Amino acid sequence: MNMIFVHIGTNDYTSYSNSGSLKNVIRHLRYNIRVIKKLNPSAKVYGILPISRYDLNGMNRDSMSDMYGYTYHDLRVAEAKAYKSLGAKVVNFNQFAPHIITNENKDVTLEDHEIHPTPQTAQKLGYALAKELIK
């Protein structure tokens, strides 16, 4: 492999995930990136930050704390820091494709209106990522 994309799920953020603190989630992420790099030393590793997530009431979860006291924003920041420190390129859709999933269009772009993109949205995210990679 010459390119590896890492995109951890956001279930670690949700309450009762049994993953514990943000420190624990990031510790596991760091471990896995190190293993990936050890097994694939010449591959370029990309760490994809979580896309926007919403609660059952349609509220953006960026500033909502989970049962362990960290927010979805905190998760993104910690992931980006971990990826950078391990030499992985950070992929942040909110920076280069912020118009794909928004608070206003989430009911159309997310199949479950919370986190899972529709096939059309996934395709748009893929195209945006491809454009970003060829820069």
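Computed from a predicted model, the values in this text were never measured in an experiment.
In this structure, N105 contributes its side chain and I100 its backbone to a donor-acceptor pair below 3.5 Å. For the pair R76 (side chain) and P50 (backbone), a donor-acceptor distance under 3.5 Å is present. Judged purely by atom type and a 3.5 angstrom limit, K37 has no side-chain atom pairing as donor or acceptor with the backbone of N32. Remark: side-chain polar atoms of N57 are not paired, donor with acceptor, to backbone N or O of M59 under 3.5 angstrom. Looking only at distances, no side-chain donor or acceptor of D74 sits under 3.5 Å from a matching main-chain atom of Y70.
The line from NE2 of H73 to OG1 of T71 is 6.0 Å long, rounded to the nearest 0.5 Å. In this structure, Y31 OH and I36 CD1 are separated by 11.0 Å, a value rounded to the nearest 0.5 Å. Here the CZ-CG distance, from R53 to L75, works out to 10.0 Å after rounding to the nearest 0.5 Å.
Sorted by first then second residue, the salt bridge (charged side-chain N to carboxylate O under 4.0 Å, His left out) pairs that include residues 99-118, not counting sequence neighbours, number zero. Sequence neighbours left out, not one pair with a member in residues 101-135 passes ring pair (Phe, Tyr, Trp, His ring centres under 6.0 Å). Each side-chain hydrogen bond (donor to acceptor under 3.5 Å, both in side chains) pair with one or both residues in residues 84-95, not counting sequence neighbours, appears once here: R30-S85.
Relative ring orientation between F96 and F93 is described as tilted, the plane-to-plane angle lying within the 30° to 60° band.
Using modelled atom types and a 3.5 Å distance limit, the side chains of D66 and Y72 yield no donor-acceptor pair. In summary, the side chains of N24 and S21 do not present any donor paired with an acceptor at a separation below 3.5 Å, with no hydrogens or angles considered.
Nearest heavy atom pair, residue A80 against residue V90, reads O-CG2, 3.7 Å. When all heavy atoms of A88 and G47 are compared, the pair lying nearest together is CB-N, 4.3 Å. E79 and L49 get closest at one heavy-atom pair: CB-CD2, 3.7 Å. In terms of heavy-atom proximity, Y83 sits nearest to I8 at OH-N, 4.4 Å.
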| request: Before giving the answer on side-chain contact (heavy atoms from CB on, under 4.5 Å), spell out for L125 and L129 the whole-Å C-alpha distance, their side-chain angles and the decisive distance to 0.1 Å. | output: CA-CA 6 Å; L125 291 168; L129 178 56; over 6 Å; no
| request: Please test V6 against I48 for side-chain contact (heavy atoms from CB on, under 4.5 Å), starting from the C-alpha separation and ending with a verdict. | output: CA-CA 6 Å; V6 178; I48 301 176; over 6 Å; no
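If you chain together hydrophobic residues whose side chains sit under 4.5 Å apart, V25 and V77 never meet in one group. Under the 4.5 Å side-chain heavy-atom criterion for ILVMFWY residues, no single connected hydrophobic cluster contains both L39 and F5. A single hydrophobic cluster is seen to contain both Y46 and M1, as judged by linkage of ILVMFWY side chains at heavy-atom distances under 4.5 Å, directly or through other members. Cluster annotation: M3 and V91 are assigned to the same hydrophobic cluster (Ile/Leu/Val/Met/Phe/Trp/Tyr, side-chain heavy-atom contacts under 4.5 Å, transitive).
Residues P117 and T109 have side chains not in contact (no heavy-atom distance under 4.5 Å, counting atoms from C-beta outward). Proximity of L22 to Y68: side-chain heavy atoms (C-beta onward) are nowhere separated by under 4.5 Å.
The only option from V108, T121, I115 that meets the side-chain contact (heavy atoms from CB on, under 4.5 Å) definition with I101 turns out to be T121.
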